[in-house]
Peer 1: 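Sharing a structure here in structure tokens format.
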Amino acid sequence: MNKISIIIPVYNTEEYLKDCITSVLKQTYQNLEVILVNDGSNESCTAYLKSLLKLDDRLHLYEIDKRVGTGAARNFGIEKSTGDFLYFLDSDDYLPEKTLEILVNNIKDHKLIRGRIKKTNFSKSIAIILEGLFKVKLYSDKKYNLLKNKSVLNTLIRKDFVLNEKLNFSEKNKIYSDLKFIVPAFQKAEVVPYLKEAIYFKRNRNDPVLNPSLIQLDKEYRIKDFITMYNHLKDEYEDVEVNNYLDVQFLNFYRKTIVTYFKENNGVDQFFDDLSSSVEKMEQNVLNRYGVILRREIKTILKGDKRKYKKMNSLHQLLRDIKDGLKTRRKFFVLLYRRVFMRLPIKENVVFFESFLGKSYSDSPKYIYEYLLNNNLGYKCVWSVRETKDIPGNPIQVKRFSLRYFYYLARAKYWVSNIRLPKSLNKREGNVYLQTWHGTPLKTLVLDQKDIFSADPKYKENFYIQSRRWDYLSSPNQYSSDIFRRAFKFEKEMLEFGYPRNDILYQKNNDSNIKEMKEKLQIPLNKKVILYAPTWRDDEFFSRGNYKFTLRLELDKMQENLSDDYIILLRTHYHIANRLDVSDYQGFVYDFSVYDDIAELYLVSDILITDYSSVFFDYAHLKRPILFYTYDIEKYRDQLRGFYFDMEQEVPGPLLMTTDEVVNAVENINEVSKKYSDKYENFYNKYCLWDDGQASEKTVKAVFHN
Ligand code: C2G
């Protein structure tokens, strides 16, 4: 039987290795050896690799002390291999069980055979579930043009073919080293069958900041690597098909990567000479297939006219922006934002506010705004909203994503927001951006998160780009400061004054204000108030950003046992799109899910019930009892989010799993409070010390200069 040598270069991929290796060991095709080439990984990854060896004696580990790069590591692996076939796998990718079996069974007399590459954002356990959904047809013996792709992955290759033709990977080019292997392989193998059924999962790493893959490395390096590879191969091959292929690759790379790089970095000078040497090698007939702008641009490079080239290049970028801007209304406004509004002078006294994606007039932005207003500081304020609201001081209101929204964002000197603003909103010189954020984290944040379950696959990367624009970040306590610095990689000024949104909890925590608020909310004055404020679930949604909440607190039971003394204010999270029907509980349950400011609900309530929401960190300022209804804690903690600390140990109230337990705790609330008083005090001392009712004032003084 034919043995396959699977060659896997490894460089610091500890968190992905298990998926990779187990997927190989579980292959239905068993006659294989796995050649792990440790290309100078750090200590912990190396130790982990060693520990894997005992799983199976088909695993072999080779060490390279100093990092040599994927190409050299693969060449080294070829030398060590003893199989009849070679197969290259990357250590952050993985395979479904049958991939190798399908490839071996179909290679017949061919030199090589190719399967399909599926990109994935997920780890294996999730992807294998998704895999069941692929209904694929079997395409056998179809000619596959190796030159459709730049990578050698998911190709089963005869080893004697590799040796006879002296195929190897470039050791100079770290990123595009496969081309040196593929191009001659393509020339020598007449037919390459392609099997759509033989799948290879290629992982898009979700963390290009802390754990980048090769392709996510910095663009300059990539551009240099590509240009030298191109130049080298162009010099080496006469073959027309190969040359056309290389030119097409080059021009596509130029458009996609190089032009974008110039736009972001004004970096024409650095690459101009390199580019000149490449375009000299280009075939005119390939170039003729491209648009006039690109052709002219290439011509000016050929002539070595850098000044003119810069002009052509900005024209290219303008046309590209316009083309993109005509796609949708929003993109058109973004075009105006960048190309028109940003070029108008900045307005020194304009402040742009947004809270919870324009959904409410609330949170720290509200209190900062009111401080500016009440102290007549002379700022012109603009609020981003979904629909017109009743806001004191009558500020300008703009509908989120409308033309006026983009106009004011471009012109305002100050931005104040409690969540990220869109990535398309480039920051202009002179802009001051105060990010207030929206809670002390219990759930792990951004770069501390591992798998991102249902959010945008580019979540971490986008977050990183967006948060580079923040100049100031509000922090409620030392614990949060430490996490924010790490999880957001925030390196600018942290405002350590507590949360402006909590000022009200110090200023208005008295009977007359509370009575006034209850009247405003139109709730009974003679009953005690329970606020139920759960968070959202990452895996329950209608569409991106629109989450669904299923009420698991049994209101019947609550009403039966508690309605003589209590009412319930129900408050779902701002991500929740569905309204809960509580009409059967009139006079007992009041739905305040779309009420602007949760701080007012804190003030009027006697007990808080929540789950994993950051609301309890704020509510604790009031020193009133908190109950945790955590019916799904295992799933939430272990699968969906992960926590920064053990809830059971730290939170200032009991974790309850059923409505009966909740009812019981409410009925015995004094005993519960007594039991948790020490914990409460520790909790308060750890998370609540910075607030003193003056956070808005201190924030304004730190940020606003006029
Ligand atoms: N919130 C609310 N009503 C709820 C839940 C939350 O008004 N039922 C508001 C509170 O101000 C809360 C904030 O939204 O502090 C954030 O809500 P979380 O439930 O903590 O969830 P999330 O939006 O994921 O933010 O560092 C904080 C984390 O990022 C959590």
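Side-chain atoms are counted along with the backbone in the values below, which use heavy atoms only and exclude waters and symmetry mates. Read the numbers this way: they start at 1 and go in the same order the structure lists the ligands and their atoms.
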Peer 1: Which of the atoms in ligand 1, numbered in the order shown and given with their element, are less than 4.0 Å from a heavy-atom of I598?
Peer 2: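 Those atoms are 2 (C), 3 (N), 7 (O), 11 (O).
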
Peer 1: Checking ring-ring contact (aromatic ring centres under 6.0 Å, His included) between W437 and each of F488, Y499, F356, which is the one that passes?
Peer 2: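 Result for ring-ring contact (aromatic ring centres under 6.0 Å, His included) with W437: F488.
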
Peer 1: Looking only at protein heavy atoms, which one is nearest to atom 17 (O) of ligand 1, and how far off is it?
Peer 2: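 Nearest protein contact, heavy atoms only, for atom 17 (O) of ligand 1 is H573 NE2, 3.3 Å.
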
Peer 1: Out of all atoms in ligand 1, which are within 4.0 Å of some heavy atom of F356? Include the element for each.
Peer 2: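 So the answer, numbered in order with elements, is 9 (C), 11 (O), 13 (C), 14 (O).
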
Peer 1: Can you tell me the protein heavy atom closest to atom 1 (N) of ligand 1 and the distance?
Peer 2: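 For this ligand atom, the closest protein heavy atom is V615 CG1, 4.0 Å.
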
Peer 1: Between Y684 and K623, is there a cation-pi geometry (under 6.0 Å to ring centre, at most 45° from the normal)?
Peer 2: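 K623 over Y684 ring: yes.
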
Peer 1: What is the minimum heavy-atom distance between L570 and D591, and which atoms define it?
Peer 2: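 In terms of heavy atoms, the two residues are closest at O-OD1, 3.4 Å.
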
Peer 1: Give me the residue, atom name and distance of the protein heavy atom closest to atom 23 (O) of ligand 1.
Peer 2: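 Nearest protein contact, heavy atoms only, for atom 23 (O) of ligand 1 is Y574 OH, 2.6 Å.
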
Peer 1: Under 4.0 Å between a Lys/Arg side-chain N and an Asp/Glu carboxylate O for K679 and E650?
Peer 2: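 Answer for the salt bridge query: no.
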
Peer 1: What atoms of ligand 1 come closer than 4.0 angstrom to any heavy atom of R571?
Peer 2: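 In order of number, 2 (C), 3 (N), 7 (O), 8 (N).
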
Peer 1: Tell me whether F617 reaches ligand 1 (any heavy atom closer than 4.0 angstrom to a ligand atom).
Peer 2: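 Under 4.0 Å: no for F617.
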
Peer 1: For ligand 1, which is the ligand I care about here, please tell me if K443 has any N or O atom under 3.5 Å from one of the ligand's N or O atoms.
Peer 2: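 K443 vs ligand 1: N/O contact under 3.5 Å present.
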
Peer 1: Of the backbone atoms (N, CA, C, O) and the side-chain heavy atoms from C-beta on, which set of L445 has a member under 4.0 Å from an atom of ligand 1: side chain, backbone, both, or neither?
Peer 2: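 Side chain only; the backbone of L445 stays clear of ligand 1.
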
Peer 1: Do any nitrogen or oxygen atoms of G439 lie less than 3.5 angstrom from nitrogen or oxygen atoms of ligand 1?
Peer 2: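 Indeed, backbone or side chain, G439 has an N or O that close.
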
Peer 1: For R329, does the CZ atom have more than 12 heavy-atom neighbours from other residues, nucleotides or ligands under 6.0 Å away?
Peer 2: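 No, CZ of R329 has 12 or fewer neighbouring heavy atoms, counting only those of other groups under 6.0 Å.
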
Peer 1: Go through Y405 and F352 one step at a time and tell me if the ring-ring contact (aromatic ring centres under 6.0 Å, His included) criterion holds.
Peer 2: CA-CA 9 Å; Y405 167 91; F352 190 99; 5.6 Å; yes

Peer 1: How close does the nearest protein non-hydrogen atom get to atom 13 (C) of ligand 1, and which residue and atom is it?
Peer 2: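 Ranked first by proximity to atom 13 (C) of ligand 1 is H438 O, 3.4 Å.
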
Peer 1: For atom CG of D390, decide whether the heavy atoms of other residues, nucleotides or ligands shown that lie under 6.0 angstrom number more than 12.
Peer 2: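 Open: at most 12 neighbouring heavy atoms sit under 6.0 Å from CG of D390.
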
Peer 1: Looking only at distances, please establish whether an N/O atom of ligand 1 is found under 3.5 Å from an N/O atom of F484.
Peer 2: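 F484 vs ligand 1: no N/O contact under 3.5 Å.
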
Peer 1: Can you check whether Y602 has an N/O within less than 3.5 Å of an N/O in ligand 1?
Peer 2: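 Such a contact does not occur with ligand 1.
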
Peer 1: Give a yes or no on whether a salt bridge exists between K515 and E519, defined as a side-chain N under 4.0 angstrom from a carboxylate O.
Peer 2: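 A salt bridge is present here (some side-chain N lies under 4.0 Å from a carboxylate O).
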
Peer 1: Can you tell me if CG on D511 sees more than 12 non-hydrogen neighbours from other groups inside 6.0 Å?
Peer 2: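 Atom CG in D511 is not packed in, count stays at 12 or less.
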
Peer 1: Quick one: are R624 and L608 in side-chain contact, heavy atoms under 4.5 Å?
Peer 2: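 Answer no - side chains too far apart.
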
Peer 1: Hey, which atoms in ligand 1 end up nearer than 4.0 Å to a heavy atom of P441?
Peer 2: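 Within the 4.0 Å cut-off of P441, ligand 1 contributes 26 (O).
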
Peer 1: Tell me whether K508 at atom NZ has more than 12 heavy atoms from other residues, nucleotides or ligands lying less than 6.0 Å away.
Peer 2: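 Not more than 12 within 6.0 Å, no.
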
Peer 1: Any atoms of ligand 1 less than 4.0 Å from a non-hydrogen atom of A533? List them with their elements.
Peer 2: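 Contacts of ligand 1 toward A533, numbered from 1: 8 (N).
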
Peer 1: Step through the shown structure and confirm whether more than 12 heavy atoms of other residues, nucleotides or ligands are within 6.0 Å of CD on E648.
Peer 2: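 Open.
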
Peer 1: Heavy atom under 4.0 Å from ligand 1: found in H575's side chain, backbone, both, or neither?
Peer 2: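 Contact part for H575 vs ligand 1: neither.
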
Peer 1: Please determine if R330 forms a cation-pi arrangement with F401, meaning its NZ or CZ atom is less than 6.0 Å from the six-membered ring centre and no more than 45° off the ring axis.
Peer 2: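 Judged by the rule, R330 and F401 form a cation-pi pair.
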
Peer 1: Under a 4.0 angstrom heavy-atom cut-off, which atoms of ligand 1 come close to W437?
Peer 2: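 Taking each heavy atom of W437 in turn, ligand 1 has 26 (O), 27 (C), 29 (O) under 4.0 Å.
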
Peer 1: How close does the nearest protein non-hydrogen atom get to atom 18 (P) of ligand 1, and which residue and atom is it?
Peer 2: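 The protein heavy atom lying closest is S613 OG, 3.5 Å.
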
Peer 1: Using a 3.5 Å cut-off on N or O atoms only, is Y612 in polar contact with ligand 1?
Peer 2: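 It does not: no N or O of Y612 is found under 3.5 Å from an N or O of ligand 1.
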
Peer 1: Just need the protein heavy atom nearest to atom 11 (O) of ligand 1, so name the residue and atom and give the distance.
Peer 2: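 Looking at atom 11 (O) of ligand 1, the protein heavy atom closest to it is R501 NH1, 3.0 Å.
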
Peer 1: Can you tell me the protein heavy atom closest to atom 15 (O) of ligand 1 and the distance?
Peer 2: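 Of every protein heavy atom, S614 OG, 2.8 Å lies nearest to atom 15 (O) of ligand 1.
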
